[in-house]
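Reviewing the structure listed below.
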Number of protein chains: 2
Amino acid sequence: MTDKLDRRQLKTKQLLREAFVKLIREKGYEGITVSDLTRKANINRGTFYLHYKDVLDLRDHLKAEFHQGLLAIVSHLEPGELFKAASEGKVYDGLVRLYEYFDAQADFFEVMLGPKGDLTFARLLKDTIEERMNEKIAKITTGRKDVLVPPDVLIAYMASAQLGFVLHWLQTGRKQSPRELAQMLTHIMYLGPLKAVGFQAN
Amino acid sequence: MTDKLDRRQLKTKQLLREAFVKLIREKGYEGITVSDLTRKANINRGTFYLHYKDVLDLRDHLKAEFHQGLLAIVSHLEPGELFKAASEGKVYDGLVRLYEYFDAQADFFEVMLGPKGDLTFARLLKDTIEERMNEKIAKITTGRKDVLVPPDVLIAYMASAQLGFVLHWLQTGRKQSPRELAQMLTHIMYLGPLKAVGFQAN
DNA sequence: GTGATTAATGAACACTGTGTCCATTATAAA
DNA sequence: TTTATAATGGACACAGTGTTCATTAATCAC
């Protein structure tokens, strides 16, 4: 994966990566050209093609990087543990770790997932959450008859929800700590959104 | 809004609109050019510019159309009604109407929100849901101290969730009826995702 | 139907960006 | 210091853009 790279190559890739994020922030992801990138990075246009096929290729490499980082964390999450912690009024630690990752990489995620960013990245994250949940939840519900909602539907719901949840946090200045985030998500997951926001049975 | 249009103009716009959806289906949204569109629609390239500024402009006009359609329905939704219906084991009719709209326009939504589609459209829909919820939910929670999760956070969660829910349905062949969809969403909203999928307190 | 109106066409224009060369220069590694 | 190779600058043909304009064709109002 990580071929041993010449310093020069590392530097070039680093410059391109920075130029990419800057350009998204400045003029939005759509319509970034190779010429834009090399101008901003102050490198020769031909040099770009020594590393990437085109702008989409550069984007996909960046996406893959962060995808890996996320996978490493998400693969350890256990919905059963979340439910257990929630029913005992505790916070599931796996969630805290997940939000700590987003917090640490916030600069990148904020731009990339923001209004000017690249939404295919959002899709990738959602799909990742979804796949992992599928593995975990499938085990639990096989053979049961009392499920009110098919697991695949529910997983689609939750995966989108959790991404939207993080996104909102990123785009409103990250006012809560990762632990507070986990606490809130636990409430919503356990009680359901309606009761979590204060609707009361009467 | 709807200026009285020459038949020729209507026809041109119709052709462009069909070409756009076809091209997304065939080669993906990214990288569709004006030349692609006019070739596919069999019209003169110059003609395109008599109607739209560029590809993004065409896209935005299409988005706006469906946005209007959705607004008309979403603006009538009442979370309170949803909670009431849910606690009585009923289905909230507003939701059924919403899903009927997606069902009727499924061809367009499926392509546009699909893997090759335009994700800014997904964002627009999410924002629409979010804004409307904000209006409704804000009334309920003002002055209350017992909310476990701030309304804005919860709304971000729900808006994303509901979009993901519909998206999954569109992309898995629309196996459920709008009423069944509404039923499922009601369960999730009322019980929370964990209990809805079958986790049990013990 | 006829004539006035206006949309669509085809062809040209300068311009920007693409992807690929290649000889030359600069820099890192052994 | 030598050897390897990354980066450069300049060139190339090509595709797409956005605009203009005279010409053709369709529609609308009468």
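Straight-line distance from the CZ atom of B:F48 to the P atom of D:dG16: 14 Å, rounded to whole Å. We find that CG of B:D57 is positioned 15 Å from C1' of D:dT17, with the value rounded to whole Å. One interatomic measurement links the two molecules: CG of B:L37 to C1' of D:dG18, which rounds to 15 Å at whole-angstrom precision. Atom CG in B:L50 sits about 12 Å away from atom C1' in D:dG18, given to the nearest Å. In this structure, CG of B:N44 is placed 15 Å from P of D:dA26, rounded to the nearest angstrom. Atoms CG (B:L10) and C1' (C:dA8) sit 14 Å apart, rounded to a whole Å. In this structure, CD of B:Q9 is placed 12 Å from C1' of C:dT5, rounded to the nearest angstrom. Atom P of nucleotide C:dA28 and atom NZ of A:K11 are separated by 8 Å, given to the nearest angstrom.
Contacts of A:T47 with the nucleic acid, taken as non-hydrogen atoms under 4.0 Å apart, include base atoms. Using a 4.0 Å heavy-atom cutoff across all strands shown, B:R7 reaches sugar-phosphate atoms only and no base atom.
A salt bridge is absent between B:D54 and B:R59; no separation between the charged side-chain nitrogens and carboxylate oxygens falls under 4.0 Å. The pair A:K27-A:D36 meets the salt-bridge criterion, since a charged nitrogen lies less than 4.0 angstrom from a carboxylate oxygen.
In this structure, A:T186 contributes its side chain and A:A182 its backbone to a donor-acceptor pair below 3.5 Å.
Place A:T12 and B:G46 on DNA chain D by their nearest nucleotides, and A:T12 ends up nearer the 5' end.
Residue-to-nucleotide contacts include a donor-acceptor pair under 3.5 Å from the side chain of B:R45 to the base of D:dG18. Side chain B:R8 to base D:dA26: a donor-acceptor pair is found below 3.5 Å.
Ring geometry for B:F66 against B:F121 counts as perpendicular: the plane angle is over 60°, on a 0 to 90° scale with 30° as the lower cut.
Nearest to the side chain of A:D6, among D:dT17, D:dT8, D:dA6, sits D:dA6. Side-chain proximity of B:S35 to C:dA7, C:dT18, D:dT17: nearest is D:dT17.
Between B:H51 and C:dA7 there is no side-chain polar atom (N or O) within less than 4.0 angstrom of OP1 or OP2. For C:dT20, the OP1/OP2 oxygens have no side-chain nitrogen or oxygen of A:Y49 closer than 4.0 Å.
B:I73 contributes atom CD1, which lies 12.0 Å from atom CD of B:Q68 (distance to the nearest 0.5 angstrom).
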